[in-house]
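Structure record follows, encoded as structure tokens.
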Number of protein chains: 2
Amino acid sequence: MRLTDIIAEYILQMLELADDGEAELRRNELAEELGCVPSQINYVITSRFTPEQGYIVESKRGGGGYIRIRRVKLERGVSPLMHIVNAVGDDISPVTAQAIIENLEAQKLISENAAKVMLSALSDQAYRDIPMEIRDRLRASLLKQMLAALIT
Amino acid sequence: MRLTDIIAEYILQMLELADDGEAELRRNELAEELGCVPSQINYVITSRFTPEQGYIVESKRGGGGYIRIRRVKLERGVSPLMHIVNAVGDDISPVTAQAIIENLEAQKLISENAAKVMLSALSDQAYRDIPMEIRDRLRASLLKQMLAALIT
DNA sequence: CATTCAAAAGTCAGGAATGGTCAAGGTCAA
DNA sequence: TTGACCTTGACCATTCCTGACTTTTGAATG
């Protein structure tokens with residue numbers, strides 16, 4: 001198992017155990033405990049605990065420093081899907097698109113089946129005949145179109 | 001025996017041995033073991049493990065990368081969705097695609113939400129940047145990919 | 001106070017370990 | 001002979017991991 005997975009799993013565990021949905025850690029300490037260099041913690045956080053995946057991260061340097069990771073709930077009141085549609089630009093990478101869909105599913109804003117369908121439509125697997133240069137544009141277009149279709 | 005056959009056979013074997021219908025492999029490793037260049041693995045996968053043939057494929061690059069092949073077609077008794085996947089050719093018009101989805105929904109083979117999502121993904125509305133000449137190919141590819149994702 | 005120091009966390013570039021794409025050429029059966 | 005299928009290799013893209021260097025912060029010191 002990769003270091004990255006171990007670290008991510010550890011943080012997820014912390015989030016689950018915390019009653020306030022907040023995990024606070026000390027970077028050097030955690031790196032020591034998990035046997036990696038400190039900057040690897042940053043790598044994991046920036047690659048797996050992104051806003052698209054539903055997390056926000058705060059930190060402080062210096063004495064008494066920390067890294068705090070919070071799972072954020074999408075606002076259910078004002079059509080969170082619309083919010084995403086508006087936030088997505090003209091391009092989107094496969095990884096980012098996937099993160100958005102998985103987050104929506106985790107928050108139960110879309111069904112498992114809808115997630116499956118969308119994931120398959122956003123994967124490069126379906127774009128064999130499409131030139132590389134326009135795949136990310138197509139993906140963004142499809143994502144927005146599909147999400148819009150789900151807004152009542 | 002052709003290399004392609006050897007590779008395909010090997011993967012099929014892996015799928016049979018797997019209890020979850022899923023085979024995960026490392027491209028370079030397999031290429032080494034079977035004595036071919038790595039890209040030949042891609043050729044085999046794109047030519048023989050397609051949605052039409054009842055497979056869906058995911059992969060990840062980079063450290064700890066993999067190729068995962070999942071069999072969605074049931075051994076005996078083909079899923080009704082699989083019939084459609086096989087019946088659709090390399091091209092499909094917007095009207096025909098729409099009719100297929102509406103029919104599946106009417107027969108309660110897919111949910112209303114899944115139908116909505118698929119309809120939006122199959123409409124030309126989402127293909128603004130795609131040259132006219134390849135839209136129907138893209139549509140067919142997406143249709144098959146999405147339907148396959150819904151099986152099992 | 002202002003300065004200095006130590007203890008955090010952040011950034012970045014590079015290397016290694018993967019898989020992906022494409023175009024050119026080879027093989028073979030019809 | 002020709003067209004479909006196969007094979008190869010050069011080049012590209014992504015993900016992970018590390019370490020050197022930078023920045024920020026609070027506390028000790030003068």
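Letters A, B, ... are given to chains in the order of the sequence lines, protein chains preceding strands, and every chain is numbered from 1.
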Does [X] use its side chain to pair, donor to acceptor, with the backbone of [Y] at less than 3.5 Å?
X: Thr50(A); Y: Ser47(A); answer: no
X: Glu102(B); Y: Ala99(B); answer: no
X: Lys144(A); Y: Gly89(A); answer: yes
X: Gln145(A); Y: Leu122(B); answer: no
X: Gln40(A); Y: Leu3(A); answer: no

N/O contacts under 3.5 Å, protein versus nucleotides 28-30 of chain D?
none

(request) Please determine which of Leu81(B), Leu109(B), Leu104(B) meets the side chain to side chain contact (heavy atoms under 4.5 Å, CB included) test together with Leu150(B). (result) Leu81(B)

Determine: side-chain N/O of [X] to OP1/OP2 of [N], distance under 4.0 Å, yes or no.
X: Asn28(A); N: dA7(C); value: no
X: Arg128(A); N: dT21(C); value: yes
X: Gln40(B); N: dC6(D); value: no

(message) According to a hydrophobic-cluster definition based on side-chain heavy atoms being under 4.5 Å apart (Ile, Leu, Val, Met, Phe, Trp, Tyr only), do Tyr66(B) and Val95(A) belong together?
(response) no

Can you measure [X] atom [atom1] to [N] atom [atom2] for me and round it to whole angstrom units?
X: Arg68(B); N: dG20(C); atom1: CZ; atom2: C1'; answer: 17 Å
X: Asp136(A); N: dT14(D); atom1: CG; atom2: C1'; answer: 13 Å
X: Tyr66(B); N: dT14(D); atom1: OH; atom2: P; answer: 15 Å
X: Ile67(B); N: dA13(D); atom1: CD1; atom2: C1'; answer: 14 Å
X: Asp5(B); N: dC28(C); atom1: CG; atom2: C1'; answer: 13 Å
X: Leu25(B); N: dT18(C); atom1: CG; atom2: C1'; answer: 12 Å
X: Asp124(A); N: dC12(D); atom1: CG; atom2: P; answer: 18 Å
X: Met132(A); N: dG20(C); atom1: CE; atom2: P; answer: 11 Å

(message) Please determine whether any donor N or O and acceptor N or O are separated by less than 3.5 Å between the side chain of Arg27(A) and the base of dG10(C).
(response) yes

(message) Any N or O donor-acceptor pair under 3.5 Å from the base of dG9(D) to the side chain of Ser39(B)?
(response) yes

(message) Can you list, in residue-number order, the parts of residues 41-59 of chain B that come under 4.0 Å of DNA chain D, counting heavy atoms only?
(response)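 By residue number: Tyr43(B), Arg48(B).
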
(request) Select from Pro131(A) and Arg26(B) the residue whose nearest nucleotide in DNA chain C is closer to the 5' end of that strand. (result) Arg26(B)

(request) Consider the side chain of Lys60(A), meaning its heavy atoms from C-beta on, and name the nucleotide among dT8(D), dT25(D), dT18(C) that approaches it most closely. (result)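 Closest nucleotide to the Lys60(A) side chain: dT25(D).
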
(message) Salt bridge check, Asp124(A) against Arg139(A): does any charged N sit closer than 4.0 Å to a carboxylate O?
(response) yes

(message) I'd like to know if Arg70(B) pairs up with Glu58(B) as an ion pair, taking the criterion as any Lys NZ or Arg NE/NH1/NH2 lying under 4.0 Å from an Asp or Glu carboxylate oxygen.
(response)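 Here Arg70(B) does not pair with Glu58(B) in a salt bridge, since their nearest N and O are not under 4.0 Å apart.
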
(request) For Tyr127(B) and Ile134(B), run side-chain contact (heavy atoms from CB on, under 4.5 Å): C-alpha distance rounded to whole Å, both residues' side-chain angles, the deciding distance at 0.1 Å, then the answer. (result) CA-CA 10 Å; Tyr127(B) 303 166; Ile134(B) 59 177; over 6 Å; no

(request) Give one of base, sugar-phosphate or nothing for Arg2(A), where a contact means two heavy atoms less than 4.0 Å apart. (result)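 Counting heavy atoms under 4.0 Å across all strands, the contact made by Arg2(A) is with sugar-phosphate only.
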
(request) For Met1(A) and for Gly62(A), find the nucleotide of DNA chain D with the closest heavy atom, then tell me which residue's nucleotide is more 5'. (result) Met1(A)

